[in-house]
Structure formats: structure tokens, C-alpha cells
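No experiment lies behind these values; they were computed from the predicted model shown.
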2 protein chains.
Amino acid sequence: MPPPRVIAPFHGEHNHRKCLDQAMQRAEAACLQQGVRLTELRRQVLSLVWENHSPTRAYDILARLKEKGRRPAPPTAYRALEFLRSAGLVHRIESLNAYVGCADPMVGHSSQFFICDRCDAVAEVHDTGVTEHLTRNAERLGLHTARHTVEIHGICTRCYHNDQT
Amino acid sequence: MPPPRVIAPFHGEHNHRKCLDQAMQRAEAACLQQGVRLTELRRQVLSLVWENHSPTRAYDILARLKEKGRRPAPPTAYRALEFLRSAGLVHRIESLNAYVGCADPMVGHSSQFFICDRCDAVAEVHDTGVTEHLTRNAERLGLHTARHTVEIHGICTRCYHNDQT
DNA sequence: GATAGAAGTGTTATACTGTAACAACCCTGC
DNA sequence: GCAGGGTTGTTACAGTATAACACTTCTATC
């Protein structure tokens with residue numbers, strides 16, 4: 001069994017400009033491959049989700065779109081987010097009603113999310129062991145699985161240490 | 001490692017009256033042990049959650065409480081549900097904004113929920129293998145875990161067969 | 001290039017989910 | 001009795017999400 005694959009680590013030191021550019025490039029490629037349209041609005045929303053690695057809420061998107069000159073109503077954001085989600089470009093964090101960008105949209109994967117409740121950082125991990133374990137349980141219960149929601153909440157090391165001092 | 005423990009199966013044939021009574025009895029015992037008060041309101045809310053094995057939403061609770069003669073506002077339901085959750089008597093299904101009763105409140109466990117998106121049936125499973133797997137990943141990432149949300153959606157066998165016919 | 005249909009976006013209105021803040025009540029221990 | 005904490009009632013509002021329909025833009029086909 002392959003080891004857990006960390007799609008996005010906590011607080012990874014990186015050039016975020018590059019990170020964002022790469023995400024947008026991969027999104028273009030993924031949409032091309034899937035034969036769906038990455039319109040200007042969807043591109044804008046995706047780049048807003050990718051502004052940082054914390055979960056972004058729909059109404060945050062709306063506020064940012066306003067700053068960019070649009071006058072969007074809620075459906076505008078929700079529709080774009082739903083498109084991005086169905087294209088595998090963002091994930092929805094159910095326990096936060098929020099979205100994070102997916103750094104690896106080309107593989108259809110069911111990921112696990114590790115979330116710091118203090119600083120909102122999110123790490124995405126693809127551990128096939130967990131997935132298989134859950135799938136096996138589902139089969140035993142007679143559930144034809146459609147999707148997994150696996151979200152682990154806690155305090156990340158950095159915040160944990162800050163609390164001690 | 002102990003085998004996955006199925007707390008509540010799909011469509012388990014059972015005398016639900018007995019099922020409900022047992023849940024209420026266990027709740028009384030659990031509250032006694034924890035030194036917290038299972039008031040009349042909380043008892044009512046718990047029994048409403050236990051009316052069936054599908055997730056119950058807060059506003060459903062409110063509607064039912066109205067039928068029972070109260071004139072409750074949202075905080076009434078949310079506070080009772082939060083109390084029941086913190087006492088381990090109900091679980092919140094994040095992906096549905098809803099609550100299910102916990103059949104085994106005495107053990108502090110992080111469960112996995114298997115949910116049929118057609119008939120809303122929920123099965124609760126306590127598989128320590130999954131929990132350990134996730135905890136190990138959390139440690140590797142440096143997350144001091146507080147809680148797990150593991151919710152598997154799909155179509156249960158019964159609904160799946162009904163769809164074929 | 002005209003044009004019909006599909007896909008995408010704008011707009012209005014509203015439904016659903018959840019909490020802050022303060023008042024009133026009632027249990028318990030002294 | 002009565003002080004204090006816990007519980008519930010009440011009002012108001014914040015945050016999340018979707019239905020329904022109008023309008024625009026894209027695409028494929030002729």
C-alpha cells in the first residue's frame with residue numbers, strides 16, 4: 001500500500017505567487033481535459049479561493065468580487081463554487097461551510113483534511129489506507145459509496161507552542 | 001485490533017419503542033454519571049431525535065416542540081442539542097446539519113457515519129482501525145487532534161435495489 | 001454570417017441554519 | 001428564606017443557501 005500522500009502540508013514555506021499560478025495552470029488543463037469552460041468569473045473565484053490555504057466561505061467570495069467591480073448576488077458565488085467542486089478544483093469543508101483549493105485536480109481522489117481550529121490552516125492528505133478501510137466498512141454495511149467526508153480538527157504544532165508561551 | 005463495532009446498522013429490524021426506551025434509560029444513566037441535568041426539555045428533544053434513525057434537523061425539533069405545546073425559539077433547540085452532544089447522547093452530522101441519537105453514550109468514541117442519500121438512514125460504526133489511522137496521520141502532520149468528522153455518503157442496498165426495479 | 005439552443009450569469013426574493021444578548025425562572029445549598 | 005448558578009424564554013439579527021425567472025454569451029449547425 002502506498003504511503004499517505006500529503007497534497008498540502010501545514011504552513012509549508014513557499015512562494016505563494018508560484019503556488020497560485022500553478023493552481024491556475026492546472027485548473028486550465030483540467031477543464032480542457034474535461035471539456036468544461038473555465039470562464040472569467042470561475043477563474044476569479046478560483047483565484048480568490050487560492051489567495052491562501054485557509055478555507056474560504058461563499059460570502060467572503062462575494063465580498064471580494066464586489067471589490068473587483070462586480071455586483072454579485074449569492075447564487076453567483078455558489079454556482080461558481082459548485083462548478084469548481086464538480087471539476088475537482090476545490091474541496092468543500094463540511095464542518096466549516098467553506099472551500100479550499102485542491103492542488104492536485106487531475107486525480108480523482110477522496111482526501112482527508114486536517115484542520116487547525118486556531119489558525120485555520122488546512123492540510124490535505126490522500127491516504128489510500130483510510131479510504132480502503134472506509135470503503136470496506138461501507139461494503140460490509142451494504143452502502144454503495146458516493147463520497148467521503150473526512151475532516152480532523154485540532155491544534156497545529158505552531159499554534160500549540162504559541163499557546164504554551 | 002478489535003473488529004469494527006457497528007453501533008447502529010441500516011434498517012435493523014427492531015421494536016423501535018424498545019429502542020427508544022433503552023436510549024432514554026441510557027441517557028438518564030449517562031447524565032447521572034456525568035453529574036449533569038437531563039431536564040424535561042432536554043428529555044423531549046432527545047426523544048424527538050430518537051423518533052427514528054434518520055438525522056433530525058434543529059428546525060424539525062422546533063416544529064415538533066411547537067406541537068407539544070411549547071413556543072420555542074431557535075436557541076431553545078440549539079442549546080438542548082448542544083447539551084446532548086456534549087454529553088455524548090447525540091452526534092452531529094456535519095454534512096447534513098443534522099443530529100442522530102447515539103446508542104452507546106457511555107463510551108467516549110469517535111465514530112464513522114454511513115449515510116444513505118436516498119432514504120436518509122444512518123449507520124454508526126466505531127472502527128478503531130480508522131481512528132488510529134487518522135490519528136497517526138494527524139501526529140505526522142503535527143496536529144493535536146480534538147475531534148473527527150467521518151461521514152460516508154452513498155446509496156444503501158435496499159434503495160439501490162429499489163432503483164433497479 | 002445568421003440563428004437556434006445550450007450554457008452561463010444577473011437579479012430578486014426568500015428559505016434555512018445558527019447565535020448574541022438580556023430577561024425571567026427555578027433549582028440547590030447554605 | 002435567599003443568594004448564586006444553571007436553565008429556559010424572548011427578541012433580534014447574522015450567516016448560509018437556493019428557487020425562479022430574466023438576460024446574455026457561447027457554440028454548433030446550416
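At a threshold of 4.0 angstrom between heavy atoms, the contacts of Arg92(B) are confined to the sugar-phosphate backbone, with no base atom among them. Using a 4.0 Å heavy-atom distance criterion, Ala73(B) is classed as a base contact.
Not one side-chain nitrogen or oxygen of Asn97(A) sits closer than 4.0 Å to the OP1 or OP2 atom of dG15(D). In this structure, Thr76(A) reaches the dG10(C) phosphate: one of its side-chain N or O atoms is under 4.0 Å from OP1 or OP2. Side-chain nitrogen and oxygen atoms of Arg57(A) include none within less than 4.0 Å of the OP1 or OP2 phosphate oxygen of dG15(D).
Between Ile61(B) atom CD1 and dC16(C) atom P the separation is 16 Å, expressed in whole Å. Taking atom CD on Glu94(A) and atom P on dT17(C), their separation rounds to 14 Å, with Å as the unit. Computed from coordinates, the Leu81(B) CG to dT19(C) P distance equals 11 Å when rounded to whole Å. Rounded to an integer number of Å, the gap from Leu96(B) CG to dT16(D) C1' is 15 Å. In this structure, CD of Glu82(A) is placed 15 Å from C1' of dT16(D), rounded to the nearest angstrom. One interatomic measurement links the two molecules: CD of Glu40(A) to P of dG10(C), which rounds to 11 Å at whole-angstrom precision. Atom CG in Leu38(A) sits about 15 Å away from atom C1' in dC26(D), given to the nearest Å. Here dG9(D) presents its P atom at 9 Å from CD of Gln44(B), a figure rounded to the nearest Å.
Taking both residues in full, the closest heavy atoms of Leu62(A) and Pro74(A) are given as CD1-CA, 3.6 Å, listed atom of the first, atom of the second, then distance.
Side-chain contact check for His91(B) and Glu124(B): at least one donor-acceptor pair (N or O, by modelled atom type) lies under 3.5 Å. No side-chain donor-acceptor contact under 3.5 Å links His153(B) and Thr145(A).
With centroids closer than 5.5 Å and planes inclined by less than 30 degrees as the test, Tyr59(A) and the base of dT16(D) pass as a stacked pair.
Rounding to the nearest 0.5 Å places CG of Asp120(B) at 7.0 Å from CG of Leu96(B).
Among the nucleotides dA21(C), dT11(C), dT7(D), the one closest to any side-chain atom of Arg79(A) is dT11(C). Taking every side-chain heavy atom of Thr39(B) into account, dT7(D) is the closest of dT10(D), dT7(D), dT17(C). The side chain of Pro74(A) sits closest to dT18(D) out of dC26(D), dT18(D), dG18(C). Comparing atom distances between the Arg37(B) side chain and each of dT16(D), dA7(C), dT7(D) picks out dT7(D) as nearest.
The aromatic rings of Tyr160(A) and His144(B) lie parallel to each other, with less than 30° between the two planes, well short of the 60° mark.
Residues Arg71(B) and Arg42(B) each lie close to DNA chain D; by heavy-atom proximity, the contact nearer the 5' end of the strand is made by Arg42(B). Mapping Tyr78(B) and Pro75(B) onto DNA chain C via the closest heavy atom, the residue that lands nearer the 5' end is Tyr78(B).
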